[in-house]
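Side-chain atoms are counted along with the backbone in the values below, which use heavy atoms only and exclude waters and symmetry mates. Within every chain, numbering begins at 1; the chains are lettered A, B, ... in the order of the sequence lines, protein sequences first and strands thereafter.
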Number of protein chains: 2
Amino acid sequence: MAVKSEHIPKATIARLATYIQVLSEFKREGTDVVSSERLAEACSVNSSQIRKDLAYFGEFGVRGVGYYVQELITSIKRSLGIDRAWNCALVGVGNLGRALLRHREFSRKGFIIRGAFDCDPYKIGEVVEGMEIVCSRQLPAKVKELGLEIGVITTPPERAQRAANYLIGAGIKGIINFAPARIAVPKHIHLEYVDFFHYFYAAAFHIRFDDTRD
Amino acid sequence: MAVKSEHIPKATIARLATYIQVLSEFKREGTDVVSSERLAEACSVNSSQIRKDLAYFGEFGVRGVGYYVQELITSIKRSLGIDRAWNCALVGVGNLGRALLRHREFSRKGFIIRGAFDCDPYKIGEVVEGMEIVCSRQLPAKVKELGLEIGVITTPPERAQRAANYLIGAGIKGIINFAPARIAVPKHIHLEYVDFFHYFYAAAFHIRFDDTRD
DNA sequence: AAGAATCTGTTCCAAATTTCACAAATTCCA
DNA sequence: TGGAATTTGTGAAATTTGGAACAGATTCTT
Ligand SMILES: NC(=O)c1ccc[n+]([C@@H]2O[C@H](COP(=O)([O-])OP(=O)(O)OC[C@H]3O[C@@H](n4cnc5c(N)ncnc54)[C@H](O)[C@@H]3O)[C@@H](O)[C@H]2O)c1
Ligand SMILES: NC(=O)c1ccc[n+]([C@@H]2O[C@H](COP(=O)([O-])OP(=O)(O)OC[C@H]3O[C@@H](n4cnc5c(N)ncnc54)[C@H](O)[C@@H]3O)[C@@H](O)[C@H]2O)c1
């Protein structure tokens, strides 16, 4: 994939995800071509922002016409590296882990949970959504065997570092941490934090202070 | 609460959430005082970033000393408007909705899910985590009765707009949308999108392109 | 076929955000 | 008590990000 520029802003990656979502809706509605202006409106961003975001990766539009919806979806997916499947390991099969396991959309979008790991002996052996829960100690073997690349941590926060250590030792390439705990990883491991409370805090802050401004 | 400045960057709000998380860990470990330098390291940010973020809301530190951990947690919480409880409505009690309902941490942090709504007749009447699922049509009555302020949408994406409409009609003040669909809301309603795929896309992108740079 | 209309890609400028650097405040210690 | 050692809060500099504007490419219209 040709990345034209060195560094791509985090915000651009976030917006590209939105573009895919909205473009998919357009496609479902039968829209074949879309202008940056129309896409911008649906995504609540500026149209030149969209054109600039896309320009990091190439030229995907046709002047005087716009963007072909399906083609643009494909191009963005290739740009993000999601034009192929990613094998994931889920560590911690509790409430949230189960919700993720049962969510069909993950595999549909190319993120396939191929291993479910827990350390609770009562859970090991249980089958959730056609997937047998195995002991965390089997991580190294399974990561190699199944080619797992992304680790998803849904353990309690105090166990997140240990789960990360297992994953890293097993040779995982990136980690998505749903537990509300900072964890330390070597520089070559990509780490994403998913903090639900962040969104609740932001909502509370804005509700409280946006319109009680007197 | 005294907000010193007009506009506060979204990124600042996000970081404040991280600061609370890390400070809580420090507190648990028995640390009473912390410098911006040490906090910065734990949060992987620049120390003057922290000082500037805090400066939006007031002066919470002591020169030559640092910040008193408990005091700073309290100050940040007050700054964000989470020094009180927020009553929430959960709309769509499926896999994800149940995970959220069962998650004790929400009420512990002051976000109390007081109403669970669904439109599936098979689910209405069921009790999850001590909460009876009621029909979405009861939203207006319940929002008033229970003083619900934040609506949490965990319906399928094609129902997200309808759920939002119910919530808005019922007089909710803000919405957190876990469904992967853009929704339209009036300007006075605060809206947060939670898109899990965003994190997976970002991970895929960085794993693929950070270290295959040749 | 020529001119009007449309819409992208890109350059240039403005605004916002982050980082640096240091004066001011506080503590510690001799 | 005074001077060294810390560490905050903040103004100024540097960097990053977003937006306006327009040349260049394409289609539409007559
Ligand atoms: N449930 C939610 O809606 C929700 C929302 C936001 C964040 N979270 C966070 O997600 C995480 C999981 O939440 P949950 O509600 O599913 O908790 P849970 O207690 O239901 O599940 C945690 C699971 O992790 C397993 N586990 C513990 N240590 C482990 C280890 N070292 N290796 C492998 N597995 C291990 C436990 O056996 C358990 O099955 C928590 O950190 C929580 O704070 C959950
Ligand atoms: N499960 C996950 O891990 C996960 C992860 C990311 C995103 N999401 C998103 O969260 C949403 C919920 O996912 P899920 O797995 O829980 O789906 P689900 O199908 O298990 O649950 C959806 C629930 O919403 C109810 N519902 C439908 N229309 C409604 C309406 N108008 N009013 C009230 N309730 C209504 C349904 O009856 C059902 O109980 C989806 O949009 C999904 O894409 C889920």
Side-chain angles (χ1 to χ4, degrees), chain A residues 2-19 22-23 26 31-76 79 202 205-206, chain B residues 2-19 22-23 26 31-76 79 202:
Chain A
V3 178
K4 280 169 69 178
S5 175
E6 288 304 302
H7 171 77
I8 285 143
K10 241 180 128 68
T12 291
I13 304 295
R15 283 190 298 265
L16 288 175
T18 305
Y19 302 160
V22 170
L23 286 165
F26 281 149
T31 311
D32 288 330
V33 181
V34 75
S35 70
S36 60
E37 196 62 56
R38 198 146 113 57
L39 180 58
E41 205 200 319
C43 299
S44 314
V45 298
N46 186 289
S47 65
S48 46
Q49 183 73 83
I50 292 188
R51 298 198 295 276
K52 187 172 285 184
D53 283 339
L54 297 176
Y56 283 118
F57 299 97
E59 304 192 2
F60 305 130
V62 183
R63 291 173 188 208
V65 179
Y67 301 89
Y68 294 102
V69 173
Q70 176 55 64
E71 208 173 285
L72 185 54
I73 292 174
T74 306
S75 300
I76 296 178
S79 302
F205 173 72
H206 283 108
Chain B
V3 178
K4 280 171 71 180
S5 173
E6 288 304 302
H7 170 78
I8 284 143
K10 242 178 127 69
T12 291
I13 303 296
R15 282 190 298 264
L16 289 176
T18 305
Y19 303 160
V22 170
L23 287 166
F26 281 149
T31 310
D32 287 331
V33 181
V34 76
S35 70
S36 61
E37 196 62 56
R38 197 146 115 56
L39 181 57
E41 204 199 320
C43 299
S44 314
V45 298
N46 186 291
S47 66
S48 47
Q49 182 74 84
I50 292 188
R51 298 198 296 276
K52 189 142 282 184
D53 284 339
L54 297 176
Y56 284 117
F57 299 95
E59 303 192 2
F60 305 130
V62 182
R63 292 174 189 210
V65 179
Y67 301 89
Y68 294 102
V69 172
Q70 177 55 65
E71 209 173 284
L72 185 54
I73 292 174
T74 305
S75 300
I76 297 178
S79 302

message = Whole angstroms only, please: what is the CZ-P distance between B:F60 and C:dT26?
response = 17 Å

request  = Let me have a per-nucleotide readout for nucleotides 23-30 of chain D, 5' to 3', with B, S or -, counting only protein heavy atoms under 4.0 Å.
outcome  = -BBBS---

ask   = What is the minimum heavy-atom distance between B:F57 and A:F205, and which atoms define it?
value = CE2-CE1, 3.9 Å

inquiry  = Under a plain distance cut-off of 3.5 Å, with no hydrogens placed, do B:Q70 and B:T74 share a side-chain donor-acceptor pair?
reply    = yes

inquiry  = Output the rounded distance in Å from CD1 (A:I8) to P (D:dT17).
reply    = 11 Å

request  = Dump the intermediate steps for side chain to side chain contact (heavy atoms under 4.5 Å, CB included) on B:L54 and B:I76, then the final yes or no.
outcome  = CA-CA 8 Å; B:L54 297 176; B:I76 297 178; 4.0 Å; yes

message = Can you measure B:L72 atom CG to D:dG9 atom C1' for me and round it to whole angstrom units?
response = 14 Å

ask   = When the distance from NZ of A:K10 to C1' of C:dT18 is rounded to whole Å, what number comes out?
value = 16 Å

query = Nearest-Å distance, CG (A:N46) to P (D:dA21)?
reply = 11 Å

task = Return the value, rounded to whole Å, for the distance between atom CG of B:L54 and atom C1' of C:dT18.
result = 15 Å

ask   = Which residues in residues 31-44 of chain B have at least one heavy atom lying under 4.0 Å from any atom of DNA chain D?
value = B:S35, B:S36

note = On a heavy-atom basis, the closest approach of B:Y56 and B:H7 is CE2-O, 4.2 Å

key: Candidate nucleotides C:dA21, C:dT10, D:dT17, ranked by approach to the side chain of A:H7 - the nearest   = D:dT17

request  = Calculate the interatomic distance between A:D53 atom CG and D:dT16 atom P; express it in whole Å.
outcome  = 17 Å

message = Measure OH/B:Y56 against P/D:dG9 and give the value in whole Å, please.
response = 15 Å

query = Can you name the nearest heavy-atom pair linking B:S79 to B:S75, along with the distance?
reply = OG-O, 2.7 Å

note = Per atom distances to the B:Q49 side chain, the nearest of D:dA20, C:dT18, D:dG18 is C:dT18

note = d(A:T12 OG1, A:I50 CD1) to nearest 0.5 Å is 11.5 Å

request  = List the atom of B:S36, the atom of B:S47, and the distance in Å for their closest heavy-atom pair.
outcome  = O-CB, 3.8 Å

task = Side chain of A:E59 only, please: which of D:dG9, C:dT17, C:dT10 is the nearest?
result = C:dT10

Shortest non-hydrogen contact between B:V69 and B:V33, atoms and distance = CG2-N, 4.0 Å

request  = Take B:G66 and A:A11, find for each the nucleotide of DNA chain D with the closest heavy atom, and name the residue whose nucleotide sits nearer the 5' end.
outcome  = B:G66

ask   = Closest heavy-atom contact between A:V22 and A:C43?
value = CG2-SG, 3.7 Å

ask   = Do the side chain of B:K52 and the base of D:dT10 come within less than 3.5 angstrom through a donor-acceptor pair of N or O atoms?
value = no

